[in-house]
Asker: 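Input: one structure, supplied below.
Numbers here are sequence positions counted from 1. Note that the structure is a prediction, hence the values are computed from the model and not measured.
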Amino acid sequence: MDARFGDYLELIKSKMREVCAGCNTPISDRFLLRVNERSWHEGCVKCAACLQPLSGTCYCRNRQLYCKHDYEK
């Protein structure tokens with residue numbers, strides 16, 4: 001296989017990877033989280049105000065994620 005063709009395949013693969021909405025890096029984990037129609041690393045799903053990890057329930061305003069306490073402020 002031509003080296004340039006291999007580079008091209010890697011470029012296509014990298015373009016197809018999901019990018020985390022929290023840290024803007026590719027998600028290479030086996031699983032990803034879909035929250036509010038965006039992809040996230042599990043560790044990046046945090047409240048935008050207090051930075052506490054979110055699990056189970058989160059609230060969204062202006063494409064930012066919040067815990068219930070900070071969302072209701």
Asker: Could you report the tightest heavy-atom contact between V35 and W40, atom names first, then the distance?
Answerer: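 Looking at all heavy atoms of both residues, the shortest contact is O-NE1, 3.4 Å.
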
Asker: Only pairs at least two apart or in different chains count here, so list each salt bridge (Lys or Arg N to Asp or Glu O under 4.0 Å) that has a residue in residues 32-49.
Answerer: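 For residues 32-49, and leaving out neighbouring residues, the salt bridge (Lys or Arg N to Asp or Glu O under 4.0 Å) pairs sorted by first residue read E18-R34.
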
Asker: If you take all heavy atoms of D29 and H41, which pair is closest and at what distance?
Answerer: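 The answer is OD2-CD2, 3.5 Å.
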
Asker: Measuring from atom CG of N36 to atom SG of C58, what distance do you get when rounded to the nearest 0.5 angstrom?
Answerer: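 If we round to the nearest 0.5 Å, N36:CG and C58:SG are 8.0 Å apart.
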
Asker: Which atom pairs, donor and acceptor, lie under 3.5 Å between side-chain atoms of residues 65-73 and protein residues at least two apart or in another chain?
Answerer:
from	atom 1	to	atom 2	distance (Å)
D70	OD1	K73	NZ	3.2

Asker: State plainly whether one hydrophobic cluster holds both Y59 and L54, where clusters connect Ile, Leu, Val, Met, Phe, Trp and Tyr through side-chain heavy atoms under 4.5 angstrom apart.
Answerer: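 Hydrophobic grouping puts Y59 apart from L54.
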
